[in-house]
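Below is one structure; the comments refer to it alone.
No experiment lies behind these values; they were computed from the predicted model shown. Every chain is numbered from 1 and lettered A, B, ... according to where its sequence line falls, protein lines coming before strand lines.
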Amino acid sequence: MTSSFPPVEEQLRVITRGIEKVVPQDELRKKLQHSRDTGTPLRVKYGIDPTGIDVHLGHTVPLRKIRQFQELGHQAVIIIGNYTALVGDPSGRDEARSRRLTADEVEHNARDYLAQVGKVVDMSRAEVHRNGDWFGRMSFADVLGLCGRVTVAQLLTREDFARRYREERAIFLHECLYPVMQAWDSVEIRADVELGGTEQLYSFMLARDLQAQQGLSQQIAVMSPILVGLDGVRRMGKSLGNYIGISEPAYEMMKKFMQLPDGVMRMYFELLTELPMDEVDRLLAGHLKEAKVALATNVISQYHSAEAAVAACQRWQAEIGGEALPSDIPDVALDASLLTSGTLSAVRLLTALGLCTSNSEARRLIEGGGARTGPEKSPITTHDQQVSVSDGLLVWAGRKKYCRVRIG
RNA sequence: GGGGGAAUACCUAAGCGGCCAAAAGGGCCAGACUGUAAAUCUGGUGGCUUAUGCCUUCACAGGUUCGAAUCCUGUUUCCCCCA
């Protein structure tokens, strides 16, 4: 049992890959050494608020790190913040969360979330806790006691609170409790390591204080950088619409990968794959498109079969890289009564097919040169052009929207 | 409880009586160029059976005006400060 852990240096190499910051730096080695000496797995905490999450690659960064800890023999501890979800994480937010979730919603989200997490983490070996288990039992006196350990000045060292305070924007009292609650979770589950983004530093350090006050061993913060989204600038997030979800079909993922800005590839390789970094650098020194294909197939294989990833890649090469028509052209029914002697004005055709939401939009599309018909994509030149419509006609509204007409 | 400020299209944000369907960025859409990358350039970004035309928009409801996003009244929401 004692020897079941890999050597400390080896563990460190795995753990620190793609990690922006470990605080305190040197304690991690000590903890690992101690763990190995005594044959005791480290308790690795990762908390998330079940606020209705469609898990995307950004979330998988810490999740993958948990997985790596598991593979090194450590204990994953996942905290479902069903109580903290009622507060809303103020991190990085300029405004308080506008709407509170109900308990039912939270529980539903939690289950949904855990199912998705299972694609990355080995759930059969992970502990799962809901922080309502302990917060729900606290009395108001307990809460006061907890609050008595934290000062407002400490809270204001958080950049987000400090900024809001400076800018005279609202900071709600319950938001102030958020980091305290998160920190308390670490006390409850006796965390040795906590994973998360760098924006969580404050809460992580607070957890150390609370642990020390309770006479517990203090946790180490292992913080990942924030994964940028498809735009290559802002963090990957659902609300920004710049994400790749892990439940998406392989081909959808492929398309999104290939649209990534080149500059983010190194980060993606580092955070989302196990490929050795010298190998990555070799790839990036070559043709960048090939590197991107390698990246995409690697990641897609993690959520679909390797065959599916390759197939998605080939399909992309054929349909988008090459000249082949898309293989997923949807059929759209067109009422025959709309036609006059087999023709229909271009504007009306586009709206009738649902490719444009209004005649004005269709008109603009045509004037912009984006409306085309047929496999050869011959352009429609004027908005009042009469298009002769036959069954099976291909209609294009730009390169990404298209359909095949079914006269019915 | 008192005082101050704000609400404009997807977002930020101009406009403060006619020239406003409403400046400017951003975003987004389309086109060119490409590796459906980035960068760049161009056009577009309320609706209308096809329009130097009409209709609906500037928190909501009224009002003043020949004419209002712009002025007045009330309502709602939000923010800040003092207590």
Between U49(B) atom P and Leu339(A) atom CG, what is the distance in whole Å? 17 Å
Whole-Å P distance, A68(B) and A21(B): 12 Å
Leu260(A) atom CG is separated from U34(B) atom P, nearest whole Å, by 22 Å
Nearest to the side chain of Arg372(A), heavy atoms from C-beta on, is which of A38(B), A32(B), G35(B)? A32(B)
For Ser360(A), report the nucleic acid contact type (base, sugar-phosphate, nothing); a contact means any heavy atom under 4.0 Å. base
Can you tell me how far C1' of G35(B) sits from CG of Leu284(A), to the nearest Å? 15 Å
C1' spacing across the pair C19(B) / G26(B), given as an integer number of angstrom: 28 Å
Using the C1' atom as the reference point in each nucleotide, state the distance between C66(B) and G17(B) in Å, no decimals. 12 Å
P atoms of U73(B) and C78(B), separation to the nearest Å: 23 Å
Ignoring hydrogens and angles, tell me if any N or O in the side chain of Asp192(A) forms a donor-acceptor pair with the backbone of Val44(A) under 3.5 Å. no
Tell me: NZ of Lys401(A) to C1' of C29(B), nearest whole Å? 8 Å
Could you tell me how far G5(B) sits from G62(B) if I compare only their P atoms? Round to whole Å. 27 Å
Under a 4.0 Å N-O cut-off, is there an ion pair linking Lys255(A) with Glu252(A)? yes
For atom CG of Leu365(A) and atom P of U42(B), their distance in whole Å: 20 Å
Got a donor-acceptor contact below 3.5 angstrom from the Lys119(A) side chain to the Tyr303(A) backbone? no
Does the pair Asp391(A)/Arg406(A) count as a salt bridge with the N-to-O cut at 4.0 Å? yes
By nearest atom, which of the nucleotides A51(B), G46(B), A37(B) is closest to the Lys292(A) side chain? A37(B)
Test side-chain hydrogen bond (donor to acceptor under 3.5 Å, both in side chains) applied to His74(A) and Arg43(A), Arg125(A), Gln11(A), the passing residue: Gln11(A)
Of the options U49(B), A30(B), G35(B), whose atoms approach the side-chain atoms of Lys289(A) most closely? G35(B)
Whenever both distances are under 3.5 Å in a Watson-Crick or G-U wobble pair, mark it; put RNA chain B into dot-bracket that way, with [ ] for crossing pairs and | when the partner is on another strand. ((((((((.[[[..)..(.....]]]((((((.......))))))(((....)))...[[[[[..)....]]]]]))))))).
Determine the Euclidean distance between corresponding P atoms of A69(B) and U56(B); express it in Å to zero decimal places. 12 Å
Take atom C1' in C72(B) and the same atom in C16(B), then report the distance between them in whole Å. 14 Å
Whole angstroms only, please: what is the OH-P distance between Tyr268(A) and A38(B)? 13 Å
5'-most contact on RNA chain B: Lys255(A) or Thr357(A), nearest heavy atom basis? Lys255(A)
Looking at Glu361(A) and Arg364(A), is there a salt bridge between them, counting it only when a charged N and a carboxylate O are closer than 4.0 Å? no
At under 4.0 Å between heavy atoms, what does Arg399(A) touch on the DNA or RNA strands: base, sugar-phosphate, or nothing? base
Please report the distance separating the C1' of G3(B) from the corresponding atom of U8(B), rounded so that it comes out in whole Å. 27 Å
What's the closest nucleotide to the side chain of Ser358(A) if the choices are A38(B), G35(B), G47(B)? G47(B)
Residue Asp262(A), side-chain atoms from C-beta onward, closest of A51(B), G35(B), U45(B): G35(B)
Assign each of Gly398(A) and Glu367(A) the nucleotide of RNA chain B bearing its closest heavy atom; nearer the 5' end lies the nucleotide of Gly398(A)
Nearest to the side chain of Asn359(A) - C48(B), U45(B), G35(B)? C48(B)
Assign Asp384(A) to base, sugar-phosphate, or nothing according to its heavy-atom contacts below 4.0 angstrom with the strands shown. base
Pairing of Glu248(A) and Lys256(A) as salt bridge, 4.0 angstrom limit: yes
Strictly below 4.0 Å, N to O, side chains only: are Lys292(A) and Asp262(A) in salt-bridge contact? yes
Between Arg364(A) and G47(B), does any side-chain N or O lie under 4.0 Å from OP1 or OP2? yes
Rounded to the nearest Å, what distance is computed from the CH2 atom of residue Trp396(A) to the P atom of nucleotide C29(B)? 18 Å
Thinking salt bridges, do Asp281(A) and Arg266(A) make one under a 4.0 Å N-O criterion? yes
Using whole Å, what does the distance between atom C1' of nucleotide U49(B) and atom CG of Leu344(A) come to? 11 Å
